[in-house]
Amino acid sequence: MSLELYNSLTRRQEPFQPLKPDQVSMYCCGVTVYDYCHLGHARSYIVWDTVRRYLIWLGYAVNYVQNFTDIDDKILKRAQEQQSTMQEVAERNIATYFEDMRRLNILDAVEYPRATEHIAEIQQIIGALIDSDQAYAAGGDVYYRVQRFPSYGKLSGRKLDQMQAGASGRVDPEDPTGQRKQYPFDFALWKAAKPGEPAWDSPWGAGRPGWHIECSAMIRARLGETIDIHTGGSDLVFPHHENEIAQSEAATHRPLANYWLHNGMVNVEGTKMSKSLGNFTTIRDLLDAKNAPDPMAVRLFVLQAHYRKPLDFTQESMTAAQNSWDTLKEGLLFGYRFGESLGWTDTADSSFGQADSMRIDGDSTAVDQFRDAMNDDINSPGALAVLFELAKDLRREGNIITHEHQTATDPQALRQQWQTLTVLAQVLGLEAKPEAEAELGLSDAEIAAKIAQRKAAKQAKNFAESDRIRDELKAAGVLLIDKPGGLVEWHRG
RNA sequence: GGCGGCAUAGCCAAGUGGUAAGGCAGAGGUUUGCAAAACCUCCAUCCCCGUGUUCGAAUCACGGUGCCGCCUCCA
């Protein structure tokens, strides 16, 4: 089977076929930069990063574009609260976005367009929509006329006559008194500026773009009229993506995107993690906490669930993910720890261990299983099972080498296995690098002296003392292995 | 009220017609002064409930039950 993806637009899993044979254009709805990112954002961007990495591994050149929404009511509000400017708030949160995402090993997008950089393109689309009577100006605002777009609702599966205005329980912030819109589900393309707000001149008066139009404009400007894949959180299906389609397709008469992919939400105790509920954990709070999980454990936590399903975040589930990562990590570090003693010839090369430079040779059922899982709508939990089987095997081999100083397994077979694991893990963005074996405080001679003291204590049956020494060494990162015949071996880590 | 999704072991989670992957947690054994580390072994006769289709269903159909998301803040 080749790659199949679940397309929200058709509500079916479909074979993936890009417009051009070897290239994929991919647009991911980014964040509104008014605050730190939370775990929900982390999930979304980890998932799309993984899809991107997989497409690259399949041989596609992926043009991955992700926007920053840097003009918005919430950013303005934040700027007022902090007696700052919209621009400063946006810049600060864009900087922290990059810090957080890079820690999670999310690749940088090819381009990061911003709404404020595309005012001209936005105005151009709005102008065209007004010219064709698919939008209308009203009191300095411009609204999109949803009833003129026959397929409005095709993405979210809604029909205008079945929708209930205000069902979400919020007052329409765009037109609170209902005076300007001609129809309740018309949405703002352009908003008249209020005093003191940043504004751009336009044929309809000074103002700023609505939320949805920026994505339409940026996609068109950076990727073209029709793209292969458009991604985002499932909470963006309606209205955001529905409106993007309406605007873009009314203007270009071309499909905006061939594949619409949406990730499930991160839940906390069964309900969605969100800013408004206040039940969110920011990425930096999570990663900087005491006993924080490794960023790779967070990545693993996300990928252990299928991307379209809800994912419950609890302390227990994160701890389990950390323990799982520790196992996987041991497999990934195998080559660094044992490659040299196994007689691998390239362990000193600068490219050693870099998945990019490694090919997977020979037949590999592991690779086949991995590919089958990922081809099935990015079944990352299934793909991870393949990694764990490789990693657990390598971990066992490594332990045998540590304890017995040899293994019956062919070094080149181990090499092959480690290489396979490393390459496949990297496709999922999971990477472990050997930590510089920093000075652990104790020299070999000091450790030998401690072991001798412990041995003497043991011979004197002073087990309290011998255990104390063992714990002391353990705290210093030195692990003792008691062997038959009173021999004691040790290793660091 | 409308639209959509989910329900598999203590927990997380694959599997969509051929007899239950993987992870976490747990148990037993070997070893040991006891441990640790390690190695070996075990851990769902069953997939929310009911009815049906079938030689065969966790997987399909119908009917329930429960939970969640969206319906102009949202990843």
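Proteins get letters first, then strands, A, B, ... in listed order; numbering begins at 1 in each.
The closest donor-acceptor contact from the side chain of His41(A) to the backbone of Cys37(A) lies at 3.5 Å or more, if one exists at all. The backbone N or O of Phe301(A) lies less than 3.5 Å from no partner atom in the side chain of Arg43(A), so there is not a single donor-acceptor pair. Under the 3.5 Å distance criterion, the side-chain polar atoms of Lys191(A) are left unmatched by any main-chain donor or acceptor of Gly210(A).
Rounded to a whole Å, the CZ atom of Phe388(A) is 17 Å from the P atom of C12(B). At whole-Å resolution of the value, CE in Met163(A) and P in G4(B) are 14 Å apart. Taking atom CZ on Arg396(A) and atom C1' on A37(B), their separation rounds to 16 Å, with Å as the unit. Atom C1' of nucleotide U72(B) and atom CG of Leu189(A) are separated by 13 Å, given to the nearest angstrom.
Of the candidates C68(B), C39(B), A75(B), C39(B) carries the atom nearest the Ile400(A) side chain, counting heavy atoms from C-beta on. Looking at the side chain of Lys309(A), the nearest of the listed nucleotides A35(B), A14(B), G4(B) is A14(B). Here the side chain of Asn323(A) is nearest to one of A75(B), A25(B), G33(B), namely A25(B). Of the candidates A38(B), C68(B), A75(B), the closest approach to any side-chain atom of Asn399(A) belongs to A38(B). In the set C70(B), C74(B), C24(B), C74(B) carries the atom at the smallest distance from any side-chain atom of Ser274(A). Listed candidates were G69(B), C70(B), C74(B). Nearest to the side chain of Arg158(A) is C70(B). Checked against A7(B), G23(B), U72(B), the side chain of Pro184(A) finds its nearest nucleotide in U72(B). Closest to the side chain of His403(A), from the set C74(B), A13(B), A38(B), is A38(B). Set against A14(B), G2(B), A75(B), the side chain of Gln162(A) has G2(B) as its closest nucleotide. Listed nucleotides: A35(B), A75(B), C39(B). Nearest to the side chain of Arg470(A): A35(B).
Within 4.0 Å (heavy atoms only), Glu316(A) reaches no atom of the nucleic acid at all. Residue-level contact check: Ser276(A) touches the bases, meaning some heavy atom is under 4.0 Å from a base atom. As judged by a 4.0 angstrom heavy-atom cut-off over every strand, Trp48(A) is placed among residues making no nucleic acid contact. Residue Thr319(A) is out of contact with every strand shown, counting any heavy-atom pair closer than 4.0 Å.
The cationic group of Arg308(A) lies under 6.0 Å from the six-membered ring centre of Tyr6(A) and within 45° of the ring axis, placing it in a cation-pi geometry.
Heavy-atom neighbours of Lys154(A) NZ from other residues, nucleotides or ligands within 6.0 Å: above the threshold of 12.
The P atoms of C68(B) and A13(B) are separated by 16 Å, rounded to the nearest whole Å. Comparing the same atom, P, in U59(B) and in A20(B) gives a spacing of 14 Å after rounding to whole Å.
A salt bridge between Lys77(A) and Asp72(A) is absent, with no side-chain N of the basic residue lying under 4.0 Å from a carboxylate O of the acidic one. A salt bridge does not link Asp294(A) to Arg299(A): none of the charged side-chain nitrogens sits closer than 4.0 Å to a carboxylate oxygen.
By the stacking rule of 5.5 Å between ring centres and under 30° between planes, Phe463(A) stacks on the base of G33(B).
The shortest distance between side-chain heavy atoms of Ile219(A) and His230(A) falls below 4.5 Å.
Within residues 234-248 of chain A, the residues having any heavy atom under 4.0 Å from RNA chain B are, by residue number, Asp235(A), Leu236(A), Phe238(A).
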